[in-house]
Amino acid sequence: MSGNGRTKLVLGYGTCGIAAGAAAVKEALEREVSAGGYDLDLDIAGCMGFCFREPIVEVFYPDGKSVVYGDLNPKKVPQLLQAAASGEVLEDWVVRRSDDTAAGEGDFLANQHRIVLRNCGNINPESIDEYIAVGGYEAARKALTNMTPEEVIDEVSRSGLRGRGGAGFPTGTKWGFARKARGDQKYLVCNADEGDPGAFMDRSVLEGDPHAVIEGMIIAGYAIGATQGYIYCRAEYPLALKRLEIAITACRERGFLGERIFGTDWNFDIKIKKGAGAFVCGEETALIASIEGKRGMPRPRPPFPANEGLWGKPTNINNVETLAAVSWIIANGGDKYAELGTEKSKGTKVFCLAGKVRRSGLAEVPMGYTLRQVIFDVGGGVREGKEFKAVQLGGPSGGCLPASLLDTPVDYEAITATGAIMGSGGMIVADSSTCMVDLARYFLSFTQAESCGKCVPCRLGTKRMLEILTRICEGKGEPEDLERLEVLAADIKAASLCALGGTAPNPVLTTLKYFRNEYEDHIFNRKCTAGVCPALITVKINQDICTGCGACARICPVEAISGEKKEPHSIDPDTCIRCKLCLSRCPEEAIYAE
Amino acid sequence: MTNSIDDLEKAECILVIGSNTTEGHPIVGLRIKKAVMKNDCRLIVAEPRHIRLCYYADQWLRHRPGTDVALLNGMMNVILSEGLADEEFIRERTEGFEEFRKVVEQYPPERAAEICGVEAEEIRRAARTFARASSAAIVYAMGITQHTTGVDNVLSLANLAMLTGNLGKEGAGVNPLRGQNNVQGACDMGALPNVFTGYQPVSDPQVRKKFEKAWGVDYLPGNPGLTIMEMVDAVLRGEVKVLYIMGENPLLSDPDIRHLKEALEKVDFLVVQDIFLTETARYADVVLPAASFAEKEGTFTNTDRRVQRVRKAVEPPGEAREDSWIIAQVASRLGYEMGDVSAPAVMEEIASLTPSYAGISYRRLEELGELRWPCPSPDHPGTPILHVDKFTRGKGRFSPVEYKPPAEEPDADYPLVLTTGRLLHHYHTGSMTRRVKPLNELVPENRVWMNPEDAKRLGVAAGEEVAVESRRGAIRVRARVTEKVPPGVVFIPFHFGESPANALTNPALDPVAKIPEYKVASVRIVTGEAMESLEYVTV
Amino acid sequence: MEQVRLNIDGVDVVTTPDRTILEAAREAGIRIPSLCYDQRMDPFGACRICIVEVEGARGLLPACATRVTDGMVVRTNTEELRRIRRTIVELLLSDHPRDCMTCESAGNCELQDLAYEYGVKETRFPGEEHHYEALADNPLIERDYTKCVLCGRCIRICREVQGVGVYDFVNRGFEAVPGTPYNRPLTETPCEFCGQCVSTCPTGAIISIPSKGKGRPWQVEKVRTTCPYCGCGCQIDLHVRDGEIIEVSSPVMVGPGQGNLCVKGRYGYAFVHHPDRLTTPLVRKDGELVPASWEEALGMVAERIRGAMDDKGPDAVAFLSSARCTNEENYLLQKLARAVVGTNNVDHCARL
């Protein structure tokens, strides 16, 4: 954005950028701009989605064009500033050019359709004015001043929006329940307890566009009749929390939160409640217990929170992404949103691309896109040109799908039919170097550790499944183990109290379904084809290639590698612990696992 | 209790006054807690000590010991002046309202506050909470009755209930909690000097005639007998020569131990019939070994008038025998044959002579488990709530009650108020619970509770042994320094024979009910060398 | 209250909408197995043993926590349900000592009953097991979490019924276990030693120390009686073995206590067998109380009463009756005073 005829540099300053070094870049930018006397504006923004190229800076020129540069560091800053000031484009650093989608990684954004992420990376999330400048809070004003609550619910129903937290329940219907529920006090809760490994879209939205979520909450609160909102956000998101606090304070100052908001008779305010790092608190009833100060444990439903929720009052809980979409829907109309997507899954969905994909980052695409489009067209396919093996959809509660299902469209029903789930939208790509048994074991170890321990199937069932998987990975699998896994998986799914247990077996069930041969290899042939499971591999040095440089011997933590200088080395299999450190160290790629 | 224990859960507001319910009546305490936790009942606790129920209370009124009438009159003054009274109930169901109103008008909350030490605004709030509830129950225990103004206190509570229409319906009522398993039954059975069973007056010739006929005697006395405190005095005057005590340990439970000890020493002949050689039994001329509750058949009547079975589980030890057998043997030796004294037969006799028990029989109890009196006929289901359509006497009578100070007030010599009561882990004089090892391990000895302010002023450290002295005597006991008692007040449980609280209490009686003032006495704390010169009361 | 009609296992059941499926089924005589359920507390839905199939519902539902609705069709005992229940029992047994032979709760253990009902002799899913040290940090209640099935009943009864909340779960997942704040001994918590946790524990994880090793459920005779302490009148069962009371329990949902007791009611029974009990009449001779025969003692009593009556009239005799004796005994004593001696000098400690 550059409205004043000056060139403006906007630094991606989300957690991903900061983790990649954006703080140092920011410092360098500020220092060099004043030292060099540059006539340039500096600003920050949330994550644009190019997580794989952070730190990034977007340069906005007075003519409206912009260029995104990536992989920056303080050393590159003087050159960047010079170029920005002169209008020169540093082609080698380009991530994206607004005037040429073919340049850099331009197709990453070009293949997306951004509604939820509409402002992420484009505005300063700590400035309410920037949000207002792009039309922010007009939707809330419109809803509160021109629409009845029922009309708001109708509009959301018309959009076909479904809960983006994972379950995909129609948002309008859910609001309708809460609206109809009787109670002297109702609550609206924003579930920002994003906990899936590999999922970070909620964090990015809260960091990049907190006002969009708050605006969605104001609208939702009005629609259901809740005067008090809560944002339940995990404490591990300090930047998101900080930006939410700034945003809420700004809203109160503007009269968008508090009493008689937008000059109407309606009151609505928001409290932030920090979660303490329990994955299960993303589950509605556990989340409610946690806000109430109790141990975060789910309880049976019904009664549903819409009738008996927080403090026993009717409560509506929506996910961050859902609420961010709401303000767009009210501003642009439900029909417009419903133009996108499939018959039953409307609008867009944000995915977090991670794992062995070339471009890891945020991808918002219309529902109905195929997995192939998301992973290859947006994500750029598998890293290092390796072969695609599988994609884990929906995090630890989701499933692992093989290449043969890459043409599955992104649609709640279609994905569920494969045995995976849409979930919160994590997409973790695996290549040929991934062992599917190990992957299943990893995800199960996550859910098992995060089980609250309340119900028997989840507490003991996932533990026993994990023990079996661990045994298989250690080469101690028994022929009956596959059946045991299947029995446990089925009964845990059927009998668990909440969705954590109910979905925990999914990674195991899908890998058993699509990659059964890998399990059988582990059990019957004592073989890990991907060369991952330490107990089932031997690390060897190809005597024909080894130059005897000794790099492997120096890094080996157990001194299992020996050999004369300049002569091929060898590994003592009895001493080797299969840590594979030597593999990455060998300059000749002479070391391999089998 | 006018209402039942189960009924408490239905109350929208409960006023607990003079009852440390969770320790004295733990199971009733559970119901009150449940009403608060599950049913959003608003709990008002009026109690000088911080008791566990305070944690559940909407409001805790910490009034000074012995000022209940002032507090209640203050509340009723607010209810009247703010138009919160149940006028229809007053009109239809009560009488004496005008005289009552005149007295209550003299107690604006500011004046009540001055007497009872609770802020006027708090009195107003409590009054509004109680009066605005659609059903409000009053629960009280010995904290209300054990005063020289015990009857006044109870009448004030009755006034409050009538004023707000909280009698004869669910979730309401005036609910005294009886201190012992069968106090209710002992009263019902006529173990009182002025009434036969079912409160039939001995002064009524018709009633006497009925009993004379049933018992096969020519003459039954019509003049009321002596109450327990009067018996003691009569012994000391030489009028009572033989004292026969069944299952009581008055030496520890009666006020002013020294006085009672004198009587026990003086009486010509003392019979004690008990399961242990209690402190009292040590003074006896004859001790008769009785069977415990687990060794006999019978019934108890609990605090909500529920008649329930007692069943024999084990044999009495040695030659110990059921009390009924012993009584019949004594009667027989005095020339009266009681006949079949098996429990079902005796209950049959009770039912035949007692209108409120007329429908109670062992057959029905076996079948139903419990029956609540009044149960006037064999097909009557029992009465969970009293006074539903009318009071026993027709109209409920308001009683004008003026505040009267306790018999003994703190002064320069005895500057502290002593109040006594119970602990959860022990029971009454401890003859049973102190003999249960784990209970005695958990609470092995007595403590005098005092406020840190007083402890500091007196230089008493927590756990230090001090002497507590009143005009009646002195005891040694360790100090528990706690804010659970207010400054100026000390509390001593009465379960412990080694440091008997009742050596200190005041035997002043309520003029009507003859209840001693256990809850207010004046004492001082003596520490250090001065303790040596005191004479301690032992039992 | 309005009525709802539902069908459970082919049986038409009419009940009220405040009932859960489990309650409605039990009322209709259909037993649905359970483990974490105790009617004294709110449903918890943790053990999953009571899951049932409800037509039209998404997934299986816990019968304990699901309220009935009109027209509901419920199946409680399908092959799938039995299979799942069996798996759950096997999972529970995979982390539970198989020491029923010495376990205090054998014969009174809901896990043992489930294993019996579902014929689980061995678990198909052996694995890591917990071994906690048994905690006997007080004279009454012992906690051995090695036997805990994490039904949460102790936690809930302490919080919901007793209103105290001494326990909660600590740790998560497989490591979750009930505990006190900072694992302090019960004597350093607000514990009231009511033993409600003991009464609800379905296994041998929480037991009464005074009853340990004293007898098996099938070796005792339970005698229903009324508690001898305060005026609440709680119904209690005395567990008697060979003439000795070895335990006290309270029948659930019966009498004023509804199955709950206080520390005195549950643990205050040992005085009955205390060596201090009087076993013979005593008479004072030469200033000392010495054993005597009933004949001698009763004779002396009658003689002295007669003497006082003759000397000064019936009112020279006074009787103190007892608030701890039965109605019948109180009746007889006042009858003795009034009909036999001829005095109204009879009172008891109602005032004290």
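So that the names make sense, note that chain A is the first sequence line, chain B the second, and so on, each numbered from 1. Source: prediction; values computed, not measured.
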Between C:E329 and C:R324, does at least one N-O distance fall below 4.0 Å, as a salt bridge requires?
no
Is chain B contacted by the side chain of C:E288, its backbone, both, or neither, given a heavy-atom distance below 4.5 Å?
neither
I'd like to know whether OH of B:Y55 has more than 12 heavy-atom contacts from other residues, nucleotides or ligands below 6.0 angstrom.
no
If you apply the rule side-chain contact (heavy atoms from CB on, under 4.5 Å), what do you find for C:F44 with C:M41, and how did you get there?
CA-CA 8 Å; C:F44 195 51; C:M41 285 99 78; over 6 Å; no
Which residue out of C:G231, C:C194, C:C325 racks up the most heavy-atom pairs below 4.5 Å with chain B?
C:G231
B:M231 versus chain C, the contacting section by heavy-atom distance below 4.5 Å
side chain
Sort out for me which of B:M338, B:Q329, B:R306 touches chain C most, counting heavy-atom pairs under 4.5 Å.
B:R306
Can C:R159 and C:D168 be counted as an ion pair, charged N to O under 4.0 angstrom?
yes
Name the region of B:A328, side chain, backbone, both or neither, that has any atom closer than 4.5 Å to a heavy atom of chain C.
neither
Is any side-chain N of the basic residue among C:K212 and C:E142 closer than 4.0 Å to the acidic one's carboxylate O?
yes
Ranked by heavy-atom pairs below 4.5 Å to chain C, first place among B:E322, B:R282, B:E230 goes to B:R282
Identify which part of B:N223 has an atom lying under 4.5 Å from any heavy atom of chain C, answering side chain, backbone, both or neither.
both
Interface moiety of B:D323 toward chain C, non-hydrogen atoms closer than 4.5 Å
both
Using non-hydrogen atoms only, which part of C:P314 is less than 4.5 Å away from chain B: side chain, backbone, both, or neither?
neither
Heaviest contributor of heavy-atom pairs below 4.5 Å to chain B, chosen from C:V254, C:D311, C:V161, C:T343, is C:V161
Output the option from B:L439, B:T303, B:I327 having the highest count of non-hydrogen pairs under 4.5 Å with chain C.
B:I327
Is it the backbone or the side chain of B:A345 that comes under 4.5 Å from a heavy atom of chain C, or both, or neither?
neither
Heavy-atom contact with chain C under 4.5 Å, split by part of B:V217
side chain
Below 4.5 Å from any heavy atom of chain B, which atoms of C:V263 appear? Answer side chain, backbone, both or neither.
both
Sort B:V310 into side chain, backbone, both or neither according to what part of it lies under 4.5 angstrom from a heavy atom of chain C.
both
Chain C contact via B:D268 - which portion, at a heavy-atom distance below 4.5 Å:
both
Of the listed C:L289, C:N138, C:I245, the one with the largest count of heavy-atom pairs under 4.5 Å with chain B is C:L289
With chain B, the option among C:D276, C:I305, C:T187, C:T280 that has the most non-hydrogen atom pairs under 4.5 Å is C:D276
Ring centre gap for C:F319 and C:H348 strictly below 6.0 Å
no
Taking 4.0 angstrom as the limit, do C:D347 and B:K514 come out as a salt bridge?
no
Side chain, backbone, both or neither: which part of C:E296 has an atom under 4.5 Å from a heavy atom of chain B?
neither
Structural part of C:L238 lying under 4.5 Å from a heavy atom of chain B
side chain
Relative to chain C, which of B:S4, B:A234, B:A186, B:G247 shows the most heavy atom pairs under 4.5 Å?
B:A186
Taking every heavy-atom pair that is under 4.5 Å apart, which of C:S321, C:C232, C:A270 has the most such pairs with chain B?
C:C232
Checking side-chain hydrogen bond (donor to acceptor under 3.5 Å, both in side chains) against C:Q196, which of C:R40, C:E160, C:R266 comes through?
C:R266
Which bit of C:Q235 is near chain B, if near means a heavy-atom gap under 4.5 Å: side chain, backbone, both or neither?
side chain
Residue part contacting chain C, namely of B:M37, when any heavy atom lies under 4.5 Å
side chain
Examine whether an atom of C:P210 lies under 4.5 Å from a heavy atom of chain B, and if so say whether it belongs to the side chain, the backbone or both; otherwise answer neither.
side chain
Side chain, backbone, both or neither: which part of B:V202 has an atom under 4.5 Å from a heavy atom of chain C?
side chain
Using a 4.5 angstrom heavy-atom cutoff, name the option from C:V341, C:V301, C:D42, C:N327 with the most pairs to chain B.
C:N327
Bottom line for B:K312: the part with an atom under 4.5 Å from chain C's heavy atoms is backbone
With a 4.5 Å cut-off on heavy-atom pairs, point out which of B:L509, B:T354, B:V195, B:L353 contacts chain C the most.
B:V195
Interface moiety of C:I209 toward chain B, non-hydrogen atoms closer than 4.5 Å:
neither
Engaged part of B:L424 at the chain C interface, taking heavy atoms whose separation is under 4.5 Å
both
Heavy atoms only, distances under 4.5 angstrom: which of B:E23, B:E315, B:R321, B:K34 has the most pairs with chain C? Name it, please.
B:R321
Checking C:V166 against C:L186 for the side-chain contact (heavy atoms from CB on, under 4.5 Å) test, could you report, in this order, the C-alpha distance in whole Å, the side-chain angles of both residues, the deciding distance, and whether it holds?
CA-CA 8 Å; C:V166 161; C:L186 282 178; 3.6 Å; yes
At a 4.5 Å cut-off on heavy atoms, which part of C:K335 comes close to chain B: side chain, backbone, both, or neither?
both
Here the gap from B:R208 atom CZ to B:L220 atom CG, rounded to the nearest 0.5 Å, amounts to 8.0 Å
Taking atom CG of B:L30 and atom CG of C:N260, what is their separation to the nearest 0.5 Å?
5.5 Å
Taking the basic N atoms (NZ, or NE/NH1/NH2) and the acidic carboxylate oxygens, is any pair closer than 4.0 Å for C:R241 and C:E247?
no
Which region of C:L332, side chain (C-beta onward) or backbone (N, CA, C, O), has a non-hydrogen atom less than 4.5 Å from a non-hydrogen atom of chain B, or is it both or neither?
both
side-chain contact (heavy atoms from CB on, under 4.5 Å) for B:F196 and B:M189? Distances and angles first, verdict last.
CA-CA 7 Å; B:F196 292 105; B:M189 290 305 106; over 6 Å; no
Examine whether an atom of B:E295 lies under 4.5 Å from a heavy atom of chain C, and if so say whether it belongs to the side chain, the backbone or both; otherwise answer neither.
side chain
Neighbour count above 12 (heavy atom, 6.0 Å) for B:R311 CZ:
yes
N-O pairing of B:R309 and B:E370 below 4.0 Å:
no
Measure from NZ or CZ of C:R338 to the centre of the six-membered ring of B:F211 and say whether it is under 6.0 Å with the direction within 45° of the ring axis.
no
Using non-hydrogen atoms and a 4.5 Å limit, figure out which bit of B:P221 sits close to chain C: side chain, backbone, both or neither.
both
